[in-house]
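Because the structure is predicted, anything quoted here is derived from the model rather than measured. Both counts, for ligands and for their atoms, begin at 1 and track the order of listing.
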Amino acid sequence: MTQFPSAQDLRDQILYHLTHTQGRGTEFATTFDWRLAVSYTIRDLIVTPWMAGIRAARDQGAKRVYYLSMEFLIGRMLGDAIINLGLDDLMDEALETLGLDKQEILDDEPDAALGNGGLGRLAACFMESLSSLKCPALGYGIRYEHGLFRQRFEAGQQVETPEDWLNQPHPWEFVRLDYSFTIGFKGHVETVDGRAVWHPGESVVARAYDTPVIGWKGEWANTLRLWGAHPTTLFDLHRFNAGDHAAAAEPEALARTLSRVLYPDDGTESGKELRLKQEYFLTAAALQDILRRFLAEHDDLSLLPEKVAIQLNDTHPAIAGPELIRLLMDDHGMDFARALELARGTLNYTNHTLLPEALERWSTWLMGRVLPRHMQIIQMIDDDHRKTSGRPQHVGIVRHDQVQMGELAFIMAGRVNGVSALHTELVKSTVFADLHKLHPDRIVNETNGVTPRRWLRMSNPALSALLDETIGDGWTGDLDQLQRLEPFADDAGFLDRLHAAKRANKVWLSDGLLAGLGVKADPDAIFDVQVKRIHEYKRQLLNILEAIALWRRIHDDPNGDWTPRVKIFGGKAAPGYWLAKTVIHLINDVAATINTDPVTRDLLQIAYPPNYNVSMAEDLVPAADLSEQISTAGKEASGTGNMKFTMNGALTIGTLDGANVEIRDHVGAGNFFLFGLTADEADKLRAIPGHARAAIEASADLRAALQMVAEGRFSGGRADPYFSLLDRTWNDDPFLVTSDFDDYFGTQRTVDAAYRDSAGWDRMAALNIARSGFFSSDRTIRGYMRDIWHIAPIGS
Ligand code: 26Q
């Protein structure tokens, strides 16, 4: 098939694959069979540019970017590939002639949930932008057999079940049996002729599984290389022959645990041996592969910084510093000082959090036992830094018998970046204040972005069609072109069509909510959406308390001038995060009570569909009117959901936190509903004893809402599930739900009024879209290429 197929070509290829690749006749084919045949057809079109790009990069000895991440939250791939190849219309036609329903085929694909949330989804958006910009790059991650757990609700409480995306053929990956590396753990280090030799006590094989990631217009594809863990010896034949069949398979089972399951914790879990092994497994396999490719093209290791740029997605792969030094010293005979210099010339580190509980630390005992040679090298790096930097006593990698992975990553990196302007300033002034003073040029900002291909063109066809007709289709590859929309913000005809596109998305979602949850969502109500992991700092509690207070007010005055609202929540809690799970329980309890109240049910509904994931976001974001970005100021590093909502024409109610600050700067203060304390004010208030109690006493609405929870109004008269949540809110409230409540409640009433002026609202929505171009991940990746990686697109 040519690179420019016709609908007939697509149809022929689909039938070819169904028959010859899958051995299925059309009369027996299920949706799954058809989906595979369509996927293979699309895959064929990706492979050609993919291979051409790999060849071009190799032939030119080009610099490569390597993005190391424990998470790639890619979601479904078929729809995105079709869009990027520009084949949506032709594929519609081809499927129609085959009598197939495209939506059903797309929905059949499992959602690859190889990540927890923002950090993993960012990695996926970056992979897509790297390809769209023709930047030669590979993503390295782990091929988890089980991605993030599935969430169900039982009696309103979260229940986790295993995710199983690989329990069926996965059409997008190519296994590379020839790219296998042995990864060692534990054992001991001996010195032979003055050189260290590590004798690992255990080892596993890392095997490469490659997925091409196609960019916009299908001109370039980079590789996402995920490592699967396999045993070095298949099974113990002696034990098998002796009749002990289960024990014979032990080596296999043990090795495979390394890539079995994604850790479901996005901020508090730490210190687990298996997690450390997973981090080293990814990092060591990636670095061996990077050096193999480098040495196939160049023979002088001093060229490393010129030819290789490695990006560490948070500290999770921060063992890369010691590992690269180990390879250069122990395998290539380099001295420590030179190895350190070359490693620092290639490595860079992105920080995604300031929360102290989320900063990775490993006990020197565990590190020394699992990675004895690395522990020695970490000590050497730390000693060297102490001597060369003149740092104060309290600064260092190894402190209180713990290896501080943030310090390690910082000291080993050429560049350290934050993920929004505010976050980067806070990185400089808080977590890395001392190191920043010693290395004032190291920290840079690269504000996050999201890919407009998936998050606008694919997920919002109604709006995309309107944009194409109004300003041409150039925006997809150059989101700044959305600026051309600006004059249309005062064009009544355009605003009507914008309104119609949003309404169509809301009708679609409303049908889904009714079918899936039995919630009746009036498409003319405000669709108010908060979707993200459940965390105290993200303050879903503030949102649900506002719902309670609003419900009470409506109930007291049912004939008042209320604006109908549907509050939609989505998100998972880490399985061990009790308070977060309590918040989920509360939201479901409150929803059950409020949704059935005959007095208020036409004015206020709450929907909490379970198992929020990338695919659900693709349905929710285009249908949102109001985007809830209400974290305690200073706590959300950036946020990326906030950007998706903005480009889809939702208005934001938000605090001055993370990238909200930049969103507000871009869209204009008049088109953004700001509330709440600033980061500075929040820090000061938190230090005042009794701040929560004082805030509660000052607010009748908040007091009443808390009172209802405490009386068991939503939980059959028994409030014991909520005691600890209430206690924390009254007595501690570190995330200042109480102090921000009144401002939040009042700002929501401003939102109500604004929404009643339908034309005014649509105008604001248009301006949000027109001014959202900055939040494309293409802009972000260009920033990394310029400031951090020093690399140009291929052929330029
Ligand atoms: C660490 C150790 C052990 C187990 C798990 C972890 C772990 C896993 C995931 C720690 C943190 C994460 C994820 C963090 C994350 O998603 N951070 C978000 O990153 C986004 C992209 O930069 C930002 O937009 C968000 O503000 C930030 O919260």
>> Restricting to non-hydrogen atoms, name the atom on Arg728 and the atom on Pro734 that form the minimum distance, rounded to 0.1 Å.
In response: NH2-CG, 3.3 Å
> Where do Ile663 and Phe672 come nearest, in terms of heavy atoms and distance?
Replying inline: CG2-CE1, 4.1 Å
> Where do Arg453 and Ser132 come nearest, in terms of heavy atoms and distance?
Replying inline: NH2-OG, 3.1 Å
> For ligand 1, which part of Asp314 has a heavy atom less than 4.0 Å away: the side chain, the backbone, both, or neither?
Replying inline: neither
>> Between Leu226 and Tyr144, is there a side-chain heavy-atom distance shorter than 4.5 Å?
In response: no
>> Please confirm whether Arg533 approaches ligand 1 to less than 4.0 Å, judged on its heavy atoms.
In response: no
> Tyr608 side chain to Ile584 main-chain N or O, any donor-acceptor pair under 3.5 Å?
Replying inline: no
> Going by the atom numbers of ligand 1, which of them fall below 4.0 Å from some non-hydrogen atom of Glu71?
Replying inline: 8 (C), 9 (C)
> Counting only heavy atoms, which portion of Tyr537 has something under 4.0 Å from ligand 1: side chain, backbone, both, or neither?
Replying inline: side chain
>> Can you tell me which portion of Lys272 lies within the under-4.0 Å heavy-atom range of ligand 1? Options are side chain, backbone, both, or neither.
In response: neither
>> Taking 4.0 angstrom as the limit and counting only heavy atoms of Ala637, give me the atoms of ligand 1 inside it, by number and element.
In response: 26 (O)
>> Checking contacts here: is it the side chain or the backbone of Met70 that comes within 4.0 Å of ligand 1, counting heavy atoms only? Could be both or neither.
In response: neither
> Taking N or O atoms only and a 3.5 Å limit, does Gly117 qualify as a polar contact for ligand 1?
Replying inline: no
> Is the shortest N/O to N/O distance between His352 and ligand 1 below 3.5 Å?
Replying inline: yes
>> Checking Asp111 against Ser615: is there a side-chain donor and acceptor pair closer than 3.5 Å?
In response: yes
>> Looking at Phe735, I'd like to know if the NZ or CZ of Lys635 sits under 6.0 Å from its six-membered ring centre while staying within 45 degrees of the ring's axis.
In response: no
> Which bit of Glu360 is near ligand 1, meaning a heavy atom under 4.0 Å away: side chain, backbone, both or neither?
Replying inline: side chain
> Looking only at distance, does Gly120 have an N or O less than 3.5 Å from an N or O of ligand 1?
Replying inline: no
> Would you say the side-chain atoms of Ser420 pair up with the backbone N or O of Ala637, donor to acceptor, closer than 3.5 Å?
Replying inline: yes
>> Could you tell me, atom by atom, which parts of ligand 1 come under 4.0 Å of a heavy atom of Asn448?
In response: 21 (C), 22 (O), 24 (O)
>> Please check whether Ser638 reaches ligand 1 - meaning an N/O of the residue sits under 3.5 Å from an N/O of the ligand, judged on distance alone.
In response: yes
>> Nearest 0.5 Å, please: how far is CZ in Arg539 from CD1 in Ile544?
In response: 15.0 Å
>> Could you go through Asn417 and Tyr784, starting from their C-alpha distance and side-chain angles, then the distance that decides it, and tell me whether this counts as side-chain contact (heavy atoms from CB on, under 4.5 Å)?
In response: CA-CA 9 Å; Asn417 75 284; Tyr784 278 82; 3.0 Å; yes
> If you measure from each heavy atom of Ala358 to ligand 1, is any distance below 4.0 Å?
Replying inline: no
>> For the NE2 atom of His423 and the NE2 atom of His352, what is their distance to the nearest 0.5 Å?
In response: 7.5 Å
> Going by the order shown, which atoms of ligand 1 are within less than 4.0 Å of some heavy atom of Val419?
Replying inline: 22 (O)
>> Between ligand 1 and Leu122, is the shortest N or O to N or O distance under 3.5 Å?
In response: no
> Is Arg275 close to ligand 1, meaning an N/O of one under 3.5 Å from an N/O of the other?
Replying inline: no
